[in-house]
Amino acid sequence: MEYLLRDLRRTHYTGSVTEDVIDEEVTIMGWVHEIRDLGGIIFLLIRDIEGRIQVTAPSKKLPAEILEDIRALRKESVVAIKGKVQSSSKAPNGVEILPSEITVLNMADQPLPMDPTEKVKAEIDTRLNSRFLDLRKTGVSAIFKIRNQMFKSIREYFADNNIIEINTPKLVASATEGGTELFPITYFEREAFLGQSPQLYKQMMMSAGFDKVYEIGQIFRAEEHDTLRHLNEAISIDMEASFMDDTDVKNILNDMMVKLINDVNDNCSNELDILDYKLEVPQGKFQDIDYDEAVDLINARGIEMEYGEDLSREAEKVLGDAMDDFYFLSGWPTEIKPFYVMPCEDQSQKCHAFDLMYKNLELSSGATRIHQYDLLVEQMIAKDLSPESFESYLKAFKYGMPPHAGWGLGADRLNMVLTGVENIRECVLFPRDRHRLTP
RNA sequence: GCCUUGGUGGUGUAGGGGCUAUCAUGCGGGCCUGUCGAGCCCGCGACUCGGGUUCAAAUCCCGGCCAAGGCGCCA
């Protein structure tokens with residue numbers, strides 16, 4: 001038995017062991033997915049990031065030591081296998097490897113805390129407790145391959161539109177935009193908090209003249225929610241643009257979503273197949289419904305709702321059923337939106353805020369922001385916030401803040417939409433919720 | 001935080017006052033030269049915790065802990 005890599009290196013991933021390399025000697029590295037010992041012949045399935053390949057060991061053609069090594073293997077152990085690629089109509093992909101050297105890089109203990117071959121299903125709690133094993137499953141890793149494409153496309157879109165990537169602090173003093181509970185932490189001898197959103201910082205970047213910015217980063221909310229679509233640590237995709245209003249940034253969001261979904265369809269068809277999910281590409285402009293109309297529609301469908309309220313879960317569901325998959329919900333009451341949202345000129349009880357919905361799931365919230373110092377202070381006072389505690393933010397509005405607008409988009413929720421999974425925890429490697437802080 | 005349902009081998013389950021506690025997968029051993037959810041044979045391994053009712057509790061009752069789903073909060 002051998003445990004060190006030494007000068008051993010992989011020559012091929014399983015995906016490139018194809019008919020093109022027949023008769024070549026290859027070295028693959030990965031996990032022992034399955035061992036089928038038929039006595040005179042043993043089949044091994046070796047798995048790596050790209051898939052699986054069959055290693056075939058007929059006893060009469062191979063030295064006894066190799067057969068012994070194979071019989072000593074345990075499932076999910078990590079191995080390096082050197083061997084010759086041969087064509088076989090009986091092998092899963094038409095090719096198999098005849099091993100000449102097997103190196104065990106790490107033997108796995110048994111029994112495993114869950115079954116990574118998906119023969120016996122496991123509950124989400126069991127799966128998350130052994131997430132490293134759960135993630136070895138093709139159906140689980142497919143979600144994260146799509147997630148990777150999602151961020152790649154989004155970054156491409158922003159880069160193509162000259163939107164600058166920024167990073168803002170996640171350790172913040174106290175001033176918050178309200179609305180949510182924060183996680184308190186100890187910052188040397190002071191109290192501080194984990195950031196709920198980059199909102200105030202990305203707005204300050206407008207005053208800094210960066211014109212259009214975006215950030216993809218962690219946000220933290222200390223709410224005791226317990227649903228399939230909330231997390232206490234999430235990834236937010238935030239953008240903010242100067243000299244634009246809500247209509248302009250809605251268009252940006254709309255275009256980005258269409259590009260993104262096309263990209264996922266084009267580049268992740270294999271992963272979508274594994275998940276057995278068909279991703280519909282939205283056509284052109286998303287439907288856009290005014291808040292007032294939405295309230296009427298919800299009431300007309302038998303769910304009671306007052307003007308000025310936020311949507312209940314039931315209301316979201318009937319609205320989602322009535323609309324296209326993607327739609328904007330616009331013209332929200334000023335009362336229930338944050339202080340920095342620009343009220344409408346003609347009727348200040350409504351504001352230039354919108355949500356992007358997918359069926360009954362809120363994906364994004366955005367708005368034209370207030371850029372005038374006096375109005376901003378007025379709105380803060382109206383929401384019982386103290387302008388003194390926002391001093392460092394407000395300062396940016398006194399010396400030349402351009403009109404601007406922006407949005408924040410929940411990356412994990414977007415990942416749900418792209419993969420069709422129903423529990424947001426499925427879209428996060430190591431989710432943080434009300435009850436879970438490990439692994 | 002509230003409501004509902006649940007907690008049985010490593011995993012997923014059946015059972016629901018008295019059984020040697022079901023099945024699958026897994027694990028250990030044996031047979032087998034074309035498996036591909038391999039097959040066949042033998043074996044291993046479990047009733048969430050604390051009280052209570054009862055001759056007898058995995059099963060009924062009360063409480064705790066934990067989980068799943070729904071709601072609320074929130075995005």
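Numbered from 1 within each chain, the chains take letters A, B, ... in sequence-line order.
Using atom C1' as the reference point in both B:G18 and B:G63, the two lie 27 Å apart (nearest Å). Comparing B:C66 with B:U8, their C1' atoms are spaced 15 Å from each other, to the whole Å. Straight-line distance between the P atoms of B:G37 and B:C44: roughly 30 Å, to the nearest whole Å.
Regarding contacts with the backbone of B:G12, a side-chain N or O of A:Thr126 is found under 4.0 angstrom from either OP1 or OP2. The side chain of A:Lys119 places no N or O atom within less than 4.0 Å of a non-bridging phosphate oxygen (OP1 or OP2) of B:A24.
Across B:G28, B:C71, B:C36, the shortest atom-to-atom separation from the side chain of A:Arg74 is found for B:G28. For A:Asp125, the side-chain atoms get nearest to B:A68 when compared with the rest of B:C73, B:G10, B:A68. Among the nucleotides B:G34, B:C74, B:U25, the one closest to any side-chain atom of A:Ile41 is B:G34. Here the side chain of A:Leu38 is nearest to one of B:G34, B:C27, B:C74, namely B:G34. Here the nucleotide nearest the side chain of A:Phe43, chosen from B:G34, B:A68, B:C36, is B:G34. In this structure, the nucleotide among B:G34, B:G69, B:G1 sitting nearest to the side chain of A:Glu224 is B:G1. The A:Lys317 side chain lies nearest to B:C71 when the options are B:A67, B:C71, B:G1. Distances from the side chain of A:Thr227 to the nucleotides B:C32, B:G70, B:G72 place B:G72 closest.
At whole-Å resolution of the value, NE2 in A:His225 and C1' in B:G70 are 16 Å apart. Remark: P of B:C32 and NZ of A:Lys60 are 12 Å apart, rounded to the nearest angstrom. Atom-to-atom, CG of A:Leu98 to P of B:U33 comes out at 17 Å; the value is rounded to the nearest Å. A:Arg229 has its CZ atom 12 Å from the P atom of B:G69, to the nearest Å. Distance A:Leu311 CG to B:C74 P: 14 Å, rounded to the nearest Å. When the P atom of B:G26 is taken as reference, atom NZ of A:Lys121 falls 15 Å away, rounded to whole Å.
Across all strands shown, B:A56 remains unpaired; no Watson-Crick or G-U wobble contact has both distances below 3.5 Å. In this entry B:U48 has B:G64 as its Watson-Crick or G-U wobble partner, both defining distances falling under 3.5 Å. Pairing of B:G69, defined by two Watson-Crick or G-U wobble distances under 3.5 Å, is identified with B:C3. Under the Watson-Crick or G-U wobble criterion, with both distances below 3.5 Å, B:G39 is paired with B:C31.
Ring orientation note: the planes of A:Phe354 and A:Phe328 are nearly perpendicular, at an angle over 60° on the 30°/60° scale. Taking the six-membered ring where tryptophan is involved, the planes of A:His404 and A:Phe397 are tilted, since the angle between them lies from 30° to 60°. Ring geometry for A:Tyr291 against A:Trp332 counts as tilted: the plane angle lies between 30° and 60°, on a 0 to 90° scale.
Across all strands, A:Glu118 comes closer than 4.0 Å to no nucleic acid atom at all (heavy-atom distances). Base contact: A:Leu231 has a heavy atom under 4.0 Å from a base atom. Within 4.0 Å of A:Pro92, counting heavy atoms only, lies at least one base atom of the nucleic acid. Within the nucleic acid shown, A:Lys75 comes within 4.0 Å of sugar-phosphate atoms alone, with no base atom in reach, counting heavy atoms only.
The residue from A:Ile303, A:Ile298, A:Leu319 that alone fulfils the side-chain contact (heavy atoms from CB on, under 4.5 Å) condition with A:Glu314 is A:Ile303.
Taking all atoms of both residues into account, the shortest heavy-atom contact from A:His352 to A:Pro343 is CD2-O, 3.7 Å.
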